[in-house]
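Just below is one structure, and these are the notes that go with it.
Please read these numbers as outputs of a predicted model, since none were measured by experiment. Within every chain, numbering begins at 1; the chains are lettered A, B, ... in the order of the sequence lines, protein sequences first and strands thereafter.
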Amino acid sequence: MKWSEYFIPTTKETPADATVPSHQLMIRAGLIRQVVAGAYTYLPLGYRSLRKVESIVREEMNAAGSIEVHMPAMHPIEWWEQTGRVAAMGDVLVRLGGGDDWRSRTVLGPTHEEVITELARAYINSYKQLPLNFYQIQTKFRGEARPKSGVLRTREFLMKDAYSFHMAKEGPGGLDEVYQRMYDAYSTLFSRCGLPYVVVEAESGPIGGDASHEFMVPTDAGEDYLVQSEDGTYAANLERAEVAGLEGDGQDGVADLAEVATPGLCTIDEVSGFLKCQPRDMIKTIIYEADGEALVALVRGDHEVNESKFARAAGVGFVRPAEPPMIEKLTGADVGFAGPVGLKARIIADQAVTLMRDAVTGANKTDCHLTGVNVGRDYTIRESGDIRMAVEGDRSPTGSPLVFKKCIEIGHVFKLGTKYSAAMEAECLDKDGKPKPFIMGCYGIGLNRIMAAAIEAFHDEKGISWPMAIAPYHVVICALDMREAEVSSLALKLHDELEAAGVDVILDDRDARPGFKFKDAELIGFPLRITVGKRGLADGIVELLTRRSGEVQKLPPGEVSATVAGLVQSTIAAERT
RNA sequence: CGGGGCGUGGCGCAGCCCGGUAGCGCGCCUGCUUUGGGAGCAGGAAGUCGCAGGUUCAAAUCCUGUCGCCCCGACCA
């Protein structure tokens, strides 16, 4: 490809609206252009990169035995009603709008469990057809309240979504086996993209799945948190991160139990400020509801309850904050004055609370708190465990301190179970001749995010530094003066040779000064740059620059094509993570 | 949805308080010079100042409303 005949609108200045590096660089390098909030045009160079990502994903999905299909973006809202997700997704579900015609009954798919489950219901009748695993690479629509960070969070994006169908979890052809195969395929494909990714256990939530993993790329532009131990022996997402118990000093409390008036002061901050104590000296008493019963969580004042951990500790499916009437009935006080002393309910304390002495907490009496509260003497802890959100500095279960890193989620694998098949009555006959709902898995990858994550991970003050495998072009030839016959003929020759060798090459044949071409090449981030100029030609050489290492090789023109072709292949292999 | 900021040629911005001729840099077009790190000179094209009302002799500027975009938070299959 000749640059002069292509379309690469680079800019010197950074657009004011872009704040994260990948967004700024994608605009400056001429990869994307925003159309509205959360929707982007992929310009030629950006689209090439996206297509390369797509190819890698497709190859690995095919290799893992997933079968490609293509489902529509338009779905009948009825199917979403069947699974209860019209309500669950709320405004995220994009609807085609008013009137009393087909438009009002059509939604734009944010994901495709409903459509694929209906497909399975229609065609899969026997366990003998299973397992089946379908995937597609398709545009998704989500009414995100706040699109942000360029292509990292958009309302329209390209997703690879796969869905597997089984009659059993275990055994050959079961969910567990295919889940592992997808997990391995994801690892391979992210490696091939050259991404520094981390896999973490994710919270599977109230759906009831027992396994879920997220593939994360650490970067400050991310919105999720990765929790890792300093020694690298532990990694989880924030929702899931476990903490080891804290060390106590074994001493007993010394203060007497006392009631103090705290009129109108409900929050930890208000009470600790008023009583001149630290939040960590207070016991936070949060009342939840599970299966119609009150369930009380105790955590230290400077900690937060992790509802997933709490529910697991309590052995219930999920918990939700209790409504004020239940709280008032239980405590006999207004909301905001709950405490464990004398509270008649099932109470689960966080491990950290078991160590607290001379604590401050609600008195179960409006406008009153208690000071000098001590376990054993004033109240009893029958159940305790790890029920709080981890904070930086906690120790991991393996004993090493936890550090938090911001990260981008680029992939997610999930054991769904029968949530959708049961709701949509998608069943097939098992060996025993009885109909059973499919056991399902689902597996998603955000393709646009792979691009952005790669840029976040690999850029410098000059611009992008693409991994070879997903670079829009492997190599740029900077012909420093196309009017010099010797320069232009050699540049064209190298271009043709490289193209014939299967190298993605672009020839910068613009009538521009050398510095201008070099700046553009660095901004766009081509992994390799060949410089053909009369100065080098006078010595019988051309230069080959490697973007990442800065290494320069001086080569006789006759060796360039073979050297570059070999370097492209060896770099792709070397950059696998 | 709460809080904050911003809408002025393709891009980045000034002008707005204190109403009166729309301006600068980049980019673009023409010509000449220049060609190993974002060239120089000369000439030129391009903006109903987001939109709608209002105040005024007069509105980019003041007032009201509205739409859009960005950031923080909430939310996130």
Under 3.5 Å donor-acceptor pairs involving side-chain atoms of residues 24-31 of chain A, not counting sequence neighbours:
unit_1  : atom_1 : unit_2  : atom_2 : d
A/Gln24 : NE2    : A/Ala18 : O      : 3.1
A/Arg28 : NE     : A/Thr11 : O      : 3.1
A/Arg28 : NE     : A/Lys12 : O      : 3.4
A/Arg28 : NH2    : A/Lys12 : O      : 3.3

Acceptor/donor pairs from residues 537-547 of chain A side chains to any protein atom, 3.5 angstrom cut, sequence neighbours excluded:
unit_1   : atom_1 : unit_2   : atom_2 : d
A/Arg547 : NE     : A/Ile464 : O      : 3.2
A/Arg547 : NE     : A/Glu522 : O      : 3.4
A/Arg547 : NH1    : A/Asp460 : OD2    : 2.7
A/Arg547 : NH2    : A/Asp460 : OD1    : 2.9
A/Arg547 : NH2    : A/Gly463 : O      : 3.4
A/Arg547 : NH2    : A/Ile464 : O      : 3.0
A/Arg547 : NH2    : A/Glu522 : O      : 3.1

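Distance CD (A/Glu223) to C1' (B/C71): 13 Å, rounded to an integer number of Å. Protein atom CZ of A/Phe7 is 14 Å distant from nucleotide atom P of B/G10, rounded to whole Å. Distance A/Arg155 CZ to B/G68 P: 9 Å, rounded to the nearest Å. Computed from coordinates, the A/Lys148 NZ to B/A74 P distance equals 10 Å when rounded to whole Å. At whole-Å resolution of the value, OH in A/Tyr225 and C1' in B/G73 are 13 Å apart. At whole-Å resolution of the value, CG in A/Asp220 and P in B/C72 are 13 Å apart.
For the pair A/Glu409/A/Arg449, a side-chain contact is recorded, criterion being any heavy-atom separation below 4.5 Å from C-beta on. At least one side-chain heavy atom of A/Met71 sits under 4.5 Å from a side-chain heavy atom of A/Val69. You'll find the side chain of A/Phe438 stays beyond 4.5 Å of the side chain of A/His166, heavy atoms only.
On the P atoms, B/U66 is 16 Å away from B/G4, given to the nearest whole Å. One P atom belongs to B/G2, the other to B/G65, and the distance between them is 15 Å to the nearest Å. B/C6 sits 15 Å from B/C17 when the P atoms are compared, rounded to a whole Å. For the C1' atoms, the distance linking B/C28 with B/G10 amounts to 9 Å, nearest Å. Of the C1' atoms belonging to B/C70 and B/C57, the separation is 39 Å, rounded to the nearest Å. Spacing of C1' atoms, B/G7 relative to B/C16, comes out at 13 Å, to the nearest Å. Taking atom C1' on both nucleotides, B/C49 is separated from B/U61 by 10 Å, rounded to a whole Å.
Salt bridge annotation for A/Lys2-A/Asp508: absent, with no cationic side-chain nitrogen under 4.0 angstrom from a carboxylate oxygen. With salt bridges taken as basic N to acidic carboxylate O contacts below 4.0 Å, one links A/Lys284 and A/Glu304. At a threshold of 4.0 Å, the pair A/Glu114-A/Arg85 counts as salt-bridged, since one of the basic side-chain nitrogens sits closer than that to a carboxylate oxygen. A salt bridge does not link A/Lys406 with A/Asp220: every distance from a Lys NZ or Arg NE/NH1/NH2 to an Asp or Glu carboxylate oxygen is 4.0 Å or more. Salt bridge status for A/Arg240 with A/Glu201: present, with a side-chain N to carboxylate O gap under 4.0 Å.
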Tabulated below should be each protein N or O lying under 3.5 Å from an N or O of nucleotides 4-7 of chain B; please produce it.
none

If you restrict it to nitrogen or oxygen atoms, what contacts under 3.5 Å exist between nucleotides 26-37 of chain B and the protein, and what is each distance?
unit_1 : atom_1 : unit_2   : atom_2 : d
B/U34  : O2'    : A/Arg513 : NH1    : 3.4
B/U34  : O2     : A/Arg513 : NH1    : 3.0
B/U35  : O2     : A/Ala512 : O      : 3.4
B/U35  : N3     : A/Arg483 : NH2    : 3.1
B/U35  : O4     : A/Arg483 : NE     : 3.3
B/U35  : O4     : A/Arg483 : NH1    : 2.7
B/U35  : O4     : A/Arg483 : NH2    : 2.2
B/U35  : O4     : A/Asp511 : OD1    : 3.4
B/G36  : O2'    : A/Arg535 : NH1    : 2.5
B/G36  : O2'    : A/Arg535 : NH2    : 2.6
B/G36  : O6     : A/Gly536 : N      : 3.1
B/G36  : N1     : A/Glu543 : OE2    : 3.4
B/G36  : N2     : A/Glu543 : OE1    : 2.7
B/G36  : N2     : A/Glu543 : OE2    : 2.8
B/G37  : O4'    : A/Gly515 : N      : 3.3
B/G37  : O6     : A/Arg529 : NH2    : 3.2
B/G37  : N1     : A/Glu522 : OE2    : 2.8
B/G37  : N2     : A/Glu522 : OE1    : 2.2
B/G37  : N2     : A/Glu522 : OE2    : 3.1

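B/C24 is paired with B/G12 under the criterion used here, namely a Watson-Crick or G-U wobble arrangement in which both key atom distances are under 3.5 Å. With a 3.5 Å ceiling on both atom-pair distances, the Watson-Crick or G-U wobble partner of B/A52 is B/U64. Pairing of B/C69, defined by two Watson-Crick or G-U wobble distances under 3.5 Å, is identified with B/G5. Nucleotide B/U35 has no partner under the Watson-Crick or G-U criteria, as no pair reaches both atom distances under 3.5 Å.
Atom CH2 of residue A/Trp3 and atom CD1 of residue A/Ile506 lie 6.0 Å apart, to the nearest 0.5 angstrom.
Listed by residue number, A/Thr19, A/Arg28 are the residues of residues 19-32 of chain A with a heavy-atom contact under 4.0 Å to RNA chain B. Near-neighbour residues of RNA chain B inside residues 80-92 of chain A, defined by a heavy atom below 4.0 Å, number-ordered: A/Arg85, A/Met89.
The aromatic ring centroids of A/Phe190 and A/Phe215 lie less than 6.0 Å from each other. A/Tyr288 has its ring centre less than 6.0 Å from the ring centre of A/Phe310.
Among the heavy atoms of the strands lying under 4.0 Å from A/Met159 is at least one base atom, whether or not backbone atoms are also near.
Taking the centre and axis of the six-membered ring of A/Phe458, the NZ or CZ atom of A/Arg548 falls inside the cone set by 45° and 6.0 Å.
Considering only side-chain N and O atoms, A/Arg146 lies nowhere under 4.0 angstrom from the phosphate OP1 or OP2 of B/C75.
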